[in-house]
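None of these values were measured; they are calculated from a predicted model. In each ligand, atom 1 is the first atom listed, and ligand 1 is the first ligand listed.
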Amino acid sequence: MRSEELFKEASNYIPGGVDSPVRAYKPYPFFVKHGKGSKIFDVDGNDYIDYCLAYGPLVLGHANYSIINAVKNQLELGSAFGVPSQKEIELAKLVIKKVPCAEMVRFVNSGTEATMSAIRLARAATGKKKIIKFEGSYHGAHDYVLVKSGSGAAGLPDSPGVPEETTINTILAPFNDEDAVLNLVRAENDIAAVIVEPIMGNIGCITPKDGYLKFLREITEENNIILIFDEVITGFRIAEGGAQEYYNVMPDLVTLGKILGGGFPMGALAGKKELMEMIAPSGSVYQAGTFNGNPVSVTAGLSMLDQLDKKFYSEMDKKGTLLRGRIQDIIDDNGLNFKLTGLSSMFQIYFTENEINDYKDAKTADTDMFNGYFHNLLKEGVFIPPSQFECCFISLMHDEEELDKTAQIIDSYMKKL
Ligand SMILES: *Cc1c(COP(=O)(O)O)cnc(C)c1O
């Protein structure tokens with residue numbers, strides 16, 4: 001197996017053989033050769049229907065023709081300048097048009113940078129220090145938020161190397177629990193921000209209870225706390241304006257990434273003008289990056305967002321509803337009681353009988369059983385993220401036949417249980 005050889009070789013030069021921990025699974029991850037539409041192809045000649053989709057960015061599938069062409073044209077003109085370009089204005093205007101809370105935008109290189117900067121800005125704006133984050137939410141790999149994160153970090157202790165002086169200002173709350181946040185806000189008067197994934201996508205997939213996001217909006221507003229929606233996954237996915245549009249709740253700041261870059265590295269921080277103008281150089285809150293607003297990423301992002309029209313969202317809903325419907329039937333028909341969650345193009349099966357409302361519920365899932373499910377799907381030509389605590393995604397390129405085939409493969413696995 002070429003993948004096995006490459007993984008052995010990679011492990012000599014790259015910690016764990018991968019550049020991001022969730023990519024590693026036992027006995028070895030497949031190494032990619034290329035991707036096309038809904039499919040990813042490995043170096044051993046296998047192909048898989050891809051529900052990982054680079055962990056979120058590829059809503060139009062792999063190697064989207066329009067994005068490729070736009071990027072090729074830009075590459076001829078140069079790939080980095082360190083001076084402003086007109087396309088950044090175009091993309092900023094597009095983000096502002098689509099995302100309800102966005103009045104100004106700063107482009108950065110990753111979701112991690114976006115949340116790091118959003119938290120700094122919230123602290124500067126309020127003159128307060130503490131932040132509330134939710135157990136199992138993931139806001140990137142920087143120190144302030146690396147406390148009970150989801151995703152690859154879930155289940156690991158807080159990372160060594162993060163000083164407690166940093167995380168002492170990060171307070172945890174369970175998701176979907178109004179009283180918990182209420183009590184924290186009453187007990188602490190130094191809270192600068194609440195940062196939340198409006199749909200949790202890094203501990204599987206957990207949707208907010210009715211009214212929960214509205215509650216967060218009200219309590220933060222009343223207490224001079226900045227509400228940050230981390231829409232790095234849900235932005236441009238759940239609706240044109242993200243989860244804030246879908247749930248009709250307006251945060252003060254939003255962080256974006258993944259889809260925004262059209263498959264290239266990019267993130268953004270956006271929000272109310274009065275806050276955004278505090279960012280350097282118009283204000284004094286420092287935020288900078290050599291590759292911020294990179295012309296290749298910006299070009300890809302423009303092409304991506306241009307393609308996400310009304311029809312795209314209804315198609316994605318249709319596909320998601322179809323596949324989730326099939327999976328739920330399979331779970332029921334096999335007399336199982338696993339929990340299927342999701343919305344639009346997001347879904348996950350939790351191998352537990354408990355309702356899934358927060359981190360604690362998610363952690364009751366049987367990860368050995370998930371592991372069996374993952375490997376069975378992989379063997380049959382379906383690639384999902386290799387962790388119970390990631391979310392599966394559907395792209396516009398997944399056709400009904402592929403969704404059907406996927407359901408059949410899930411059925412044959414469930415029948416064996
Ligand atoms: C992926 C993700 C991030 C981090 O983005 P990177 O581009 O990987 O740094 C932050 N928040 C959420 C909700 C994410 O899913």
Side-chain angles (χ1 to χ4, degrees), residues 18-23 51-59 99 106-120 122 131-154 159 170 175 193-208 213 216 227-238 242-244 246-247 251 253-270 287 289 291-294 297-298 300-301 304 342-348 359 362 385 387 389-393:
V18 292
D19 274 315
S20 196
V22 75
R23 295 177 196 173
Y51 295 93
C52 178
L53 294 165
Y55 294 89
L58 307 180
V59 280
V99 180
R106 166 61 58 87
F107 293 117
V108 296
N109 301 296
S110 67
T112 298
E113 290 174 41
T115 66
M116 186 179 75
S117 305
I119 290 167
R120 181 179 297 160
I131 58 166
I132 293 179
K133 88 173 270 290
F134 295 91
E135 290 168 353
S137 69
Y138 180 69
H139 304 296
H142 64 87
D143 285 7
Y144 293 136
V145 290
L146 219 48
V147 190
K148 264 206 184 173
S149 313
S151 198
S159 174
T170 306
F175 191 60
V194 169
I195 183 165
V196 62
E197 289 176 76
I199 298 168
M200 294 235 268
N202 288 283
I203 187 77
C205 179
I206 307 180
T207 49
L213 297 174
L216 290 180
L227 180 61
I228 305 170
F229 273 12
D230 182 354
E231 298 223 46
V232 170
I233 286 180
T234 54
F236 312 110
R237 171 182 298 282
I238 293 304
Q244 59 190 273
Y246 184 86
Y247 292 107
L253 293 173
V254 62
T255 52
L256 299 163
K258 295 193 171 125
I259 295 171
L260 175 68
F264 286 77
M266 170 126 92
L269 161 64
Q287 201 300 313
F291 288 105
N292 281 6
N294 175 263
S297 296
V298 166
M304 172 69 96
L343 185 73
S344 180
S345 57
M346 300 168 73
F347 69 98
Q348 183 58 296
Y359 174 82
S387 162
F389 305 116
E390 291 287 343
C391 179
C392 303
F393 300 109

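- Interface atoms of ligand 1 facing Thr112, defined by a heavy-atom separation under 4.0 Å, are 4 (C), 5 (O), 6 (P), 9 (O).
- Annotation: Tyr138 places an N or O atom under 3.5 Å from an N or O atom of ligand 1; distance criterion only.
- Contact of the Ile228 side chain with the His139 side chain is not registered, since no non-hydrogen atoms from C-beta on lie closer than 4.5 Å.
- With a 4.0 Å heavy-atom cut-off, ligand 1 is reached by no atom of Thr255.
- Counting the atoms of ligand 1 from 1 in the order shown, those under 4.0 Å from a heavy atom of Ser110 are 7 (O), 9 (O).
- The closest side-chain heavy-atom distance from Phe291 to Pro265 is not below 4.5 Å.
- Given atom 11 (N) of ligand 1, the protein heavy atom at minimum distance is Asp230 OD2, 2.7 Å.
- Residues Arg237 and Ser344 bring no donor and acceptor atom of their side chains to less than 3.5 Å of each other.
- Under 4.0 Å from ligand 1, the heavy atoms of His139 that appear belong solely to its backbone.
- Taking every non-hydrogen atom of Asn202 and a distance limit under 4.0 Å, the qualifying atoms of ligand 1 come out as 12 (C), 13 (C), 14 (C), 15 (O).
- Considering only non-hydrogen protein atoms, atom 5 (O) of ligand 1 sits nearest to Gly111 CA, 3.2 Å.
- Side-chain contact between Thr207 and Tyr247 is present, with at least one heavy-atom pair separated by less than 4.5 Å.
- Side-chain contact check for Pro198 versus Gln244: every heavy-atom pair is 4.5 Å or farther apart.
- Heavy-atom proximity to Ile233, at under 4.0 Å, picks out these atoms of ligand 1: 15 (O).
- Scanning the protein for heavy atoms near atom 15 (O) of ligand 1, the closest one is Lys258 NZ, 2.6 Å.
- Side-chain atoms of Asn202 and Glu390, non-hydrogen and from C-beta on, do get closer than 4.5 Å to each other.
- Looking at Val196 and Phe175, their side chains come closer than 4.5 Å, going by heavy atoms from C-beta outward.
- Ligand 1 places these atoms under 4.0 Å from at least one heavy atom of Glu197: 13 (C).
- The shortest distance between side-chain heavy atoms of Leu213 and Phe229 falls below 4.5 Å.
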